[in-house]
Participant: 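One structure coming up, written as C-alpha cells, with questions to follow.
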Number of protein chains: 2
Amino acid sequence: MRSKNQPSGRKSDGGQGDRSFIEQARRAQIIAAAIGAIAELGFAGASLARIAERAGISKGVISYHFAGKDELMEQVVERIYTDAAEHTAPLVAEQATVAASVRAHILGAAEYMRGHRDQLIALGEIFNNLRTPDGKPRFGAHSSEPLYQALEALYRAGQASGEFRAFDTRVMAVTHQAAVDTMFGYWTAYPEHDLEAHARQLADLLLNGVRAPGAD
Amino acid sequence: MRSKNQPSGRKSDGGQGDRSFIEQARRAQIIAAAIGAIAELGFAGASLARIAERAGISKGVISYHFAGKDELMEQVVERIYTDAAEHTAPLVAEQATVAASVRAHILGAAEYMRGHRDQLIALGEIFNNLRTPDGKPRFGAHSSEPLYQALEALYRAGQASGEFRAFDTRVMAVTHQAAVDTMFGYWTAYPEHDLEAHARQLADLLLNGVRAPGAD
DNA sequence: CTAAATTCTGGCCATGCGGTCAAAAAATCA
DNA sequence: TGATTTTTTGACCGCATGGCCAGAATTTAG
C-alpha cells in the first residue's frame, strides 16, 4: 500500500526537486495549454476539461500531474512571471544613465509583449480572478511588490544622480507599472495600434515628468 | 392568457420607461446587494443565490425583476458609471486653465473613490469578467472610448492654448486613465495609503510630463 | 521475458450554477 | 367585501464544474 502515485505529492515544494523528464514535459505541455485556454476563453472559461482538450489528453492527467486547479494556475503564473522578468531585467541594467534605463524598461516591455500576447493575457486573468478557498484574491496588489521595489530603486537612483527631481518614488513606480500594463491592454484591444510608438511616447511622458528642472 | 408577468420584459429598453415605484425600489435593492456581493466575493463568487441572500429575498425575485444575470450586471454597470460621471464632469468644467482641469479631474476622482469603494471594485470586476454568450468580453477596452475621448479633448485644449507641449493625446489619455484607476487599486490593497497625497503626486507628474518647455 | 512502477483513460460523483414554475401570499381594485 | 393583479416563495430542472478512482496501457527495472 506504500508508494502511492503522486508525482506532485510533495506539496508546498517550491523547487521542482527530482522530477523526471517526461514528468516535466507533461507539466509544461499542460501549462501551455492552460495559457492558450485562458487567453482565449478567459479565466472562467478555462475549465480543466477544456485545457485537457487543448492539450490532447484526458482530463484525469491534469489531476495526476497537479494537485488541483489552483496549483496549475500558480505554476502558470510562476512560469510566465519568471520568464518575463529574465527578459526585462538585463535590458535595464546595461544602460549608462538612469533615464536610459527607464526608457529601456518601457521599450523592452513593449517588445516583449509582441511575442508573448497570450502569456500576458493569461497572467492578467489569473491575477484578477484566482482566489484562495476563503474567497480572498490569491494574487492581490501586494504580489507586485517586487516589481514596485525594483522600479523605486531605479527612480531613486535617478534622484541620487541628480537626473531626476524630487518626487514620491512609490507613486512613480505604481504609475509607471500601470502605464506599461495598460499599454499592453490597449494594444490587445486595438491590435493595429503602434505599440512601439506608444512606448516611445510613454517614455517621453514619464521622463519629462520626473526630469530635474535644470537638465535639458 | 394575455398580460404575462414580466416587468423587465421590454428587452433592449434603454430608459426605464413606466416602472412602478416599488418595482424601481426592488431593482435598486437588488443592484445594491449585487454590488456588495461582487466587491466582497468577486465576480465569480457573486451568484444569484448569494446576491439574494444579501438582499434578504428569495432567488426567484431576481429572475422576476431582471431578465437574467447578464441584465443585472449591465444595470449595475450603468448605475455606477452614470453616477461617477455625474460627479466628475462638473468638477473639470469649472476650472480656469486646462492644467487646473487635469488636476481637478485627478483630485476629484480620488475624493470620489473614498466614498465609493465597493462600487468601483464591482465595476472593475464586471468589466474584467462579464462576457457575451459567445465568450467575448462584454465590456472590452472599447467601452472606455468615451472616457478616452473626453480626456483627449482636455489635453488637446491644453495644446491649443499653448499650456502643453506636443504629444500624442491618445497615449496621454490612456495613461492618465490607467494611472487614476491604479491609484484606486493601490489604495484598495493598502487602505492606510494616503490617497490624496497620491493624487497630488500624480497630478504633478502628469502635468510636468506635458508642460510646454517655456512655461514655468 | 517477467515484474513492478508509472502514466493514462473514461466514467462517476457531489456540488453549485442560472433559470423555471406552480402555487402561495400580498397588494390593488371595484 | 370579493375579484384581480402583482409579487414572492421554495422546490425543481438541466448542466457544467473540479475532483476521484478502478482498471487498462505503457514504461522502466531486474
Participant: Rounded to whole angstroms, how far apart are CG on A:Leu48 and P on D:dG18?
Facilitator: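 Result: 4 Å.
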Participant: Ignoring hydrogens and angles, are the base of D:dG19 and the side chain of A:Ser63 linked by a donor-acceptor pair under 3.5 Å?
Facilitator: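 Counting by modelled atom types and ignoring angles, no donor-acceptor contact under 3.5 Å is found here.
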Participant: Nearest to the side chain of A:Lys69 - D:dT8, D:dG19, C:dC17?
Facilitator: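 Of the options given, the side chain of A:Lys69 lies nearest D:dG19.
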Participant: Does A:Lys59 get its side chain close enough to the base of D:dG19, under 3.5 Å, for a donor-acceptor pair?
Facilitator: yes
Participant: Hey, are B:Arg170 and B:Glu145 close enough for a salt bridge, meaning a charged N less than 4.0 Å from a carboxylate O?
Facilitator: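 Yes, this pair counts.
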Participant: Given atom CD of B:Glu53 and atom P of C:dC17, what is their separation to the nearest angstrom?
Facilitator: 10 Å
Participant: May I ask you to decide whether A:Arg131 forms a salt bridge with B:Glu125, counting only side-chain N to carboxylate O separations under 4.0 Å?
Facilitator: yes
Participant: Do the side-chain N or O atoms of B:Arg26 get closer than 4.0 angstrom to the phosphate oxygens (OP1, OP2) of D:dT8?
Facilitator: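 So the side chain of B:Arg26 is within the cut-off, an N or O lying under 4.0 Å from OP1 or OP2 of D:dT8.
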Participant: Using a heavy-atom cut-off of 4.0 Å across all strands, would you classify A:Ser58 as base, sugar-phosphate, or nothing?
Facilitator: base
Participant: If I take atom CD1 in residue A:Ile62 and atom C1' in nucleotide D:dT17, what distance separates them, rounded to the nearest angstrom?
Facilitator: 13 Å
Participant: Just the rounded figure in Å: distance from C1' of C:dT7 to CD1 of A:Ile30.
Facilitator: 11 Å
Participant: Tell me the interatomic distance from B:Phe66, atom CZ, to C:dT20, atom C1', rounded to whole angstroms.
Facilitator: 18 Å
Participant: On DNA chain D, check which nucleotide each of A:Asp70 and B:Val61 is closest to and give me the residue with the more 5' one.
Facilitator: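 Closest to the 5' end, via its nearest nucleotide, is B:Val61.
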Participant: Hey, does the side chain of B:His65 come within less than 4.0 Å of D:dT8's phosphate (OP1/OP2), counting only N and O?
Facilitator: yes
Participant: Please give me the minimum heavy-atom distance between B:Ala122 and B:Ile80, naming the atom from each residue.
Facilitator: CB-CD1, 4.4 Å
Participant: Any chance you could measure A:Ser101, atom OG, to A:Leu151, atom CG, to the nearest 0.5 Å?
Facilitator: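 Rounded to the nearest 0.5 Å, the OG-CG separation comes to 11.0 Å.
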Participant: Take the protein atom CG of B:Asn129 and the nucleotide atom P of C:dG18, then report the distance between them rounded to whole Å.
Facilitator: 13 Å
Participant: Roughly, in whole Å, what's the span from CD in B:Gln24 to P in D:dT7?
Facilitator: 12 Å
Participant: Tell me whether the side-chain N/O atoms of B:Tyr64 come closer than 4.0 Å to OP1 or OP2 in D:dT8.
Facilitator: no
Participant: Closest approach of A:Ser143 and A:Pro146, non-hydrogen atoms and distance?
Facilitator: O-CD, 3.4 Å
Participant: Please report the distance, rounded to the nearest Å, between CD1 in A:Ile51 and P in D:dT17.
Facilitator: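 My rounded result for the distance is 11 Å.
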